[in-house]
Amino acid sequence: MRAQSKLVAVATALLLATGTVNAGCVKGAVAGGVVGHVAGKHGVAGAAIGCAVGHHTEKKKEKKQKQQQQAAAAAASQQAAAPANTRK
C-alpha cells in the first residue's frame, strides 16, 4: 500500500506541475525525490521540497531574463532617439 500512495503523490504532483505557472517544479521534484530517497527513504518529502526550490529558481531565472530584455530595449530606444550627426 505504501508504494501505491507514493505513486499517487508523484502522479498528483506531476499533474499539478504542468504549465508555466509551476515552472521548474517537475525538475526539482524529481531531483529532490531521488535525493530524499537515497538520504533516508524520504522521497516524497524530498520531492515536495525540490518542487518548491525548483519553482523559486525558475522564477529568479525568468525575472533576470525579463530585466535583461528591458535593459536591451532601453538601450535600443536610446540609440534610435539619438540625433544623427549632420554637417552644416
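The structure displayed is predicted, hence computed values, not measured ones.
Applying the side-chain contact (heavy atoms from CB on, under 4.5 Å) rule to Lys61 yields the partners Glu58, Gln65; only residues at least two apart in sequence or on another chain are considered.
The backbone N or O of Val35 sits nowhere less than 3.5 Å from a side-chain atom of His37 that would complete a donor-acceptor pair.
Grouping Ile, Leu, Val, Met, Phe, Trp and Tyr by side-chain contacts under 4.5 Å, direct or through others, puts Val53 with Ile49.
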